[in-house]
Engineer: 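If you scroll down you'll find the structure; I have some questions about it.
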Amino acid sequence: MKHKVAVTVNGRKHEHEVEPRLLLVHYLRDVVGLTGTHIGCDTSQCGACTIHVDGKAVKSCTMFAVQADGRSLTTIEGMATGDELHPIQQAFWDEHGLQCGYCTPGFIMAAAYLLEQNPNPTEDEIRRGLEGNLCRCTGYVNIVKAVQTAAKTMSGTPARKTQVAAGGN
Amino acid sequence: MIPAAFEYAKASSVDEAVKLLDRFGEDAKVLAGGHSLIPLMRLRLAQPKALVDINGIKGLDHIEAKGDKLHVGALTRHFAIHSSEVVRDKLPILADVASEVGDNQVRNMGTIGGVVAHADAAGDYPTIALMLDADIVTNQRTIPAKDFFKDLFTTPLHPNELVTEVVFPVANGPHRYIKFRRRLFDWAIVGAAAQKIDGHWRIGLTNVGPTPVRAKAVEDALGKGAKPEEAAQHASDGLNPAGDLRASPEYKKHLARVLTRRAIEQAQ
Amino acid sequence: MAVTQLVGAKIHRREDPRLITGHGHYIDDFTRQGTAYAAFARSPVAHARIKSIDVTDASKAPGVIAVYTARDFKGQLAGTHPAAPAFVAEKKYVPERFPIAEKEVTYQGEIVAVVLAESKGQAADAANMIQVDYDELPAVMDLEKALAKGAAKAHSDGPDNVCWDFTYTPLDLTEAAFKEADVVVKERILQNRLAPVPMEPRGVLAEYEGFDKKLTLWLSSQNPHFIRLFVSGALGLKESQVRVISPDVGGGFGSKISPYPEDYLVPALSRMTARPVKWIETRTESIQNATHGRGQFYDCEVAAKKDGTLLAMRVVQYVDVGAYHGTFGAFQPVACLMAGGGYKWKGISARTVGVLTNRVPTDPYRGAGRPEATHLVERMVDLVALELKMDPVDIRKKNFIQPEDFPFTQNFGLVVDSGDYEKALDKAMQLAGYAELRKKQAELRKQGRFMGIGLSTWIELCGFGPSAATAPATGGIALVESAQVRVTPTGAVIVYTGTHSHGQGHETTFSQIVADQLGVPMENVELRHGDTAEGTSFGYGTYGSRSLAVGGVAISKAVGKVIDKGKKLAAHIFEAAEEDVVFEHGSYHVKGSPDKSKAFGEIAFASYGMGLPEGMEQGLEAVAYFDPPNLVWPFGTHIAVVEIDAETGTTKIEKYVAVDDCGNIINPMIVDGQIHGGVVQAIAQALYEEVVYDESSGQLKTGTMIDYLVPSMGEIPTFIIDKTITPSPTNDLGVKGIGEAGTIAASVAVINAICDALSPLGIKHVDMPATPDKLWHMMKEARQ
């Protein structure tokens with residue numbers, strides 16, 4: 001039996017009828033069509049599926065779409081404002097905090113939550129705060145740097161921005 | 001992976017939840033935080049025919065100190081327990097334990113009621129509950145912790161019985177929980193808890209058996225004036241832990257002794 | 001006009017804008033109209049005869065289009081899974097492999113049936129309804145037992161379990177050296193089986209169009225052209241009928257090189273049903289079925305003189321091949337050819353034995369044989385140093401190939417192109433504060449603490465590779481690299497490369513090279529890869545740290561051809577002799593008249609017009625294939641500092657220093673990133689990861705990320721990274737590879753440090769993973 005869900009995603013309302021067993025991550029990817037949230041494991045370790053549900057970082061593979069009824073979700077696609085990147089996105093770019101990019105949306109969402117809870121984390125606090133996200137490419141070094149840079153930017157100290165010209169697009 | 005199909009209903013009250021559980025029968029499961037249940041469902045190791053979602057029930061996420069007791073609602077998330085001023089004041093060891101369950105994302109969803117009802121041997125709250133003689137309050141009765149954790153994943157809960165709160169004694173004396181694991185977000189390989197309450201030590205152990213263990217022999221030795229090193233030797237008394245990928249039985253018993261000693265020595 | 005030097009600069013990546021905003025295109029992001037979903041029923045046991053398969057219930061399940069077993073594919077797929085010669089020219093037994101089992105399953109996870117349904121949920125449900133009756137057979141798990149006479153066979157119709165038994169250099173070669181030795185050190189060294197775990201599991205989407213008889217295949221792959229070759233062959237199609245598109249790939253580490261059963265079955269399903277068919281791997285399927293890395297052990301002996309001179313080595317490598325040969329399963333024996341490391345030896349006797357077991361096949365995993373070689377030689381050198389009571393630094397310096405020796409022909413005839421090993425070692429020691437560390441160690445030892453310092457003075461060979469070496473290794477296709485450079489009338493430059501980065505940033509680094517060489521802004525250069533419909537006839541893929549050293553050079557060659565044609569045209573326009581025309585800073589001019597110049601863009605436009613020189617055709621584009629004259633040989637020194645908690649056996653990495661040399665650097669930011677990632681994967685092998693099977697039943701015990709311990713950032717320290725630069729003489733760019741260096745170097749740095757920490761207890765060797773339980777047990781026994 002299908003259930004009606006009404007969800008706000010990145011500020012936009014969506015209404016669908018879904019099977020109860022539809023995972024929230026599959027709802028976002030296959031029904032709403034936002035494929036930026038990724039699936040990297042079966043058992044809630046890797047964090048690639050991290051989104052915000054009512055402002056809290058949640059692993060969307062460990063929630064059913066029906067549970068999101070009436071809630072407000074933010075995915076990676078909702079982090080930039082038009083052409084203006086979120087400072088965390090900018091920081092990941094500046095600090096080479098990604099290689100294959102598959103874990104990156106989850107990390108950015110988790111980092112956004114971390115910095116909201118703790119705007120000036122120490123390196124140890126960053127490492128503890130992002131323990132729920134796995135990366136296989138970067139060895140984490142530049143992800144830590146990216147979060148440190150983002151923290152500075154978001155607390156008012158402007159960081160040097162990557163030149164769009166050199167980056168293309 | 002994709003879970004097997006199931007029916008779903010959201011309860012807005014405990015009574016409604018009970019009615020739904022009665023309707024769906026024994027093959028129904030309660031959905032709270034979902035972070036123990038949903039992974040099992042994704043692997044199809046659990047295939048409940050129905051889920052009763054209790055996340056919408058109001059009044060189950062309270063944290064209240066009443067006299068010398070701390071009442072924690074079953075739906076209280078780990079994050080809320082960790083950041084609660086009341087918990088940090090009245091039972092700080094519980095806040096410490098909550099801060100180390102899984103990772104940030106897990107802590108936003110997982111609940112104390114869920115962990116307690118699931119009765120995984122590697123769960124941390126059951127150890128604290130058992131060690132401190134907490135009460136597990138359900139919609140039907142109050143069950144002392146020592147009668148609650150019967151076996152691995154086994155509690156006396158009836159299929160239509162919900163944990164509504166866990167009631168701990170207030171204890172803000174020296175305390176320490178040491179959760180030994182390989183990765184920060186892993187379950188405990190072995191955990192050791194030490195809490196001084198009313199001048200006496202309580203010692204609890206996680207994942208050294210199918211249920212949490214209260215290390216009475218250690219408590220008695222400490223009570224008789226033994227030094228932590230000596231008393232902690234008793235931590236492995238009577239233990240017969242199963243070996244697994246992470247630890248052999250011998251190593252688990254050894255860790256029980258070492259971590260117990262460290263917990264007592266580091267308790268503040 | 002200001003000139004910006006892009007090569008060598010920390011240019012931020014062009015890949016990133018789409019990836020940081022969630023607009024990357026990974027295989028699961030694609031679908032086609034009318035896509036049907038496949039789910040595979042896989043063997044739950046390691047070894048069994050299939051008695052019967054009952055698909056009745058599954059066929060009737062909601063949404064199911066069809067359920068297929070092996071016989072349905074007999075008319076669709078021909079041939080056997082490709083197994084390249086690689087580094088073992090003679091194979092004794094190569095079991096035939098059809099993508100779906102018919103009579104016997106030989107590894108847990110082997111496909112026995114497939115469901116096609118309208119939705120992925122329905123496909124998963126129906127796959128669970130397939131009933132297979134298995135007659136279980138003994139599971140071959142242990143390599144030594146597998147080689148014993150009368151051993152149970154991994155394939156019941158095979159002769160035995162010996163895939164190969166190949167001697168590179170015989171024992172008598174080192175007999176004299178062993179006789180003159182003052183010390184002989186012997187050890188058995190294990191290489192734990194690893195799951196590559198790229199964050200993105202595999203996936204295939206196939207669309208076969210029956211009327212046109214054309215197949216389009218999207219899949220997460222490191223080398224689309226090879227997939228086109230293998231899949232077209234198996235399906236009886238011409239390569240021209242098949243288009244393979246590999247979009248953004250979320251990591252590979254070697255596990256997305258070889259073709260897989262699903263890569264054949266999914267397109268076959270599309271052809272059988274006239275529907276596009278999609279399959280995405282779950283993580284559990286990935287750990288169980290994506291080819292594993294390492295899985296070897298070595299018996300090694302080293303003969304040395306008491307002054308620390310290394311004389312000779314004898315090594316036998318035993319490879320856990322798995323139930324079938326991985327396409328490049330015989331690549332890992334390169335470890336034998338690299339067992340000498342960066343040292344001079346009188347002789348090395350080496351033999352490799354490949355053994356069949358009832359597990360998923362092993363294939364390249366980041367480093368592919370070179371981490372194993374480095375681990376082996378650096379362990380043995382430390383053991384010799386320990387035996388001789390010699391400082392591990394001194395013994396290394398005594399035996400290094402010296403800068404004046406390059407190019408150096410090593411014991412197996414391979415020519416090491418360039419190096420300065422002592423320079424990297426000295427730099428690493430200085431960064432680590434080596435002398436201070438030894439002092440601190442002495443103090444901590446007095447307190448009964450266990451601190452260790454471990455060295456890894458690694459070298460490796462990469463940049464596969466020269467045609468003479470690689471064509472025989474692959475069965476005929478030389479692993480050169482191709483590039484096509486096209487310049488449009490308005491001067492836009494489109495570059496096609498046959499490599500396919502999956503995190504290495506080629507869209508950025510290759511564009512840097514082209515932009516610099518042409519003197520044009522980087523925005524004018526577009527790098528394209530991953531689609532066999534575009535670019536050159538054949539591309540060879542990204543693996544083996546080859547993309548820059550072979551692919552980047554091929555691009556540079558193609559650009560050179562474009563510049564040369566432009567020069568001819570410019571000379572014609574200037575009415576000057578070709579040799580009097582100069583190309584610099586992005587424009588052509590006659591020597592001595594720099595103000596009378598034509599910009600590259602002007603020449604580009606002119607190339608499409610009239611009045612071209614006699615015999616010159618319109619257009620401005622070129623194709624180049626680069627056949628490198630040699631492999632390239634990066635090197636470096638890593639130093640790990642650890643402390644072991646004596647009570648729990650836990651290892652903490654207190655400090656980690658990496659000084660690496662990959663020749664000239666295109667983008668230092670990307671180089672550092674590759675090292676970070678590689679080092680962490682090797683630390684993970686040393687301390688955390690292992691694919692574990694039940695030894696008797698063959699059941700996989702580490703099937704999820706709960707039990708397969710990929711570390712999070714909480715477990716990993718920060719590193720001190722530096723470089724030396726010794727350009728390679730092998731190519732015009734002077735570059736070597738760096739993608740695998742971290743993984744090659746780091747595992748033994750950590751293990752050497754652990755052994756150093758535990759040496760006061762008389763513990764000489766520790767195998768990976770050095771888990772707390774393992775170390776605690778060893779320490780406990782040592783004290784008794």
Engineer: What part of His86(A) is in contact with chain C, defined as an atom under 4.5 angstrom from a non-hydrogen atom: side chain, backbone, both or neither?
Structural biologist: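 No part of His86(A) comes within 4.5 Å of chain C.
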Engineer: For the interface with chain C, which of Thr75(A), Thr43(A), Thr104(A) has the highest count of heavy-atom pairs at distances below 4.5 Å?
Structural biologist: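 Most heavy-atom pairs within the cutoff with chain C belong to Thr43(A).
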Engineer: Only pairs of heavy atoms separated by less than 4.5 Å count here; which of Gly252(C), Gly250(C), Gly503(C) has the most with chain A?
Structural biologist: Gly503(C)
Engineer: Salt-bridged, Arg136(A) to Glu689(C), with N to O below 4.0 Å?
Structural biologist: yes
Engineer: Given the options Met79(A), Arg128(A), His38(A), which has more heavy-atom pairs under 4.5 Å with chain C than any of the others?
Structural biologist: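 Sorted descending by pairs with chain C, the first entry is His38(A).
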Engineer: Is it true that Lys278(C) and Asp28(C) make a salt bridge, defined as a side-chain N closer than 4.0 Å to a carboxylate O?
Structural biologist: yes
Engineer: When the ring planes of His500(C) and His529(C) are compared, do they come out parallel, tilted or perpendicular, using 30° and 60° as the limits?
Structural biologist: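 Perpendicular: the ring planes of His500(C) and His529(C) meet at over 60°.
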Engineer: For the residue pair His16(A) and Tyr27(A), is the inter-centroid distance of their aromatic rings smaller than 6.0 Å?
Structural biologist: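 Yes, they do, as the ring centres are separated by less than 6.0 Å.
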Engineer: Report which part of Gln512(C) has an atom under 4.5 Å of a heavy atom belonging to chain A: side chain, backbone, both, or neither.
Structural biologist: neither
Engineer: Of the listed residues (Ala684(C), Pro717(C), Ser712(C)), which shares the most heavy-atom pairs with chain A below a 4.5 Å separation?
Structural biologist: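 Winner by heavy-atom pair count: Ser712(C).
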Engineer: Out of Gly101(A), Gly78(A), Gly33(A), return the one with the most heavy atom pairs under 4.5 angstrom to chain C.
Structural biologist: Gly101(A)
Engineer: Measure across Thr31(C) and Thr35(C) and return the closest heavy-atom pair with its distance rounded to 0.1 Å.
Structural biologist: OG1-OG1, 3.2 Å
Engineer: Using non-hydrogen atoms and a 4.5 Å limit, figure out which bit of Val249(C) sits close to chain A: side chain, backbone, both or neither.
Structural biologist: backbone
Engineer: For Gln89(A) and Ile108(A), indicate whether the former's side chain and the latter's backbone hold a donor-acceptor pair under 3.5 Å.
Structural biologist: no
Engineer: Measuring heavy-atom distances to chain C, does Glu123(A) have an atom under 4.5 Å in its side chain, in its backbone, in both, or in neither?
Structural biologist: side chain
Engineer: Would a distance-only check, ignoring hydrogens and angles, find a side-chain to backbone donor-acceptor pair under 3.5 Å from Glu15(C) to His506(C)?
Structural biologist: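 Yes.
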Engineer: Measure Asp124(A) against the heavy atoms of chain C and call it side chain, backbone, both or neither at under 4.5 Å.
Structural biologist: neither
Engineer: Ile280(C) versus chain A, heavy atoms under 4.5 Å apart: side chain, backbone, both or neither?
Structural biologist: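 It is neither, since no heavy atom gets under 4.5 Å.
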Engineer: With a 4.5 angstrom heavy-atom cut-off, is it the side chain or the backbone of Gln45(A) that approaches chain C, or both, or neither?
Structural biologist: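 For Gln45(A), side-chain heavy atoms alone lie under 4.5 Å from chain C.
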Engineer: Select, from Lys120(C), Arg283(C), Glu507(C), the one with the greatest count of heavy-atom pairs under 4.5 Å involving chain A.
Structural biologist: Arg283(C)
Engineer: Answer yes or no: is there an ion pair linking Lys13(A) with Glu15(A), defined by an N-O contact shorter than 4.0 Å?
Structural biologist: no
Engineer: Of the backbone (N, CA, C, O) and the side chain (C-beta and beyond), which part of Asp29(C) lies under 4.5 Å from a heavy atom of chain A, both, or neither?
Structural biologist: both
Engineer: Is the shortest distance from a Lys or Arg side-chain nitrogen in Glu17(A) or Lys2(A) to a carboxylate oxygen in the other one below 4.0 Å?
Structural biologist: no
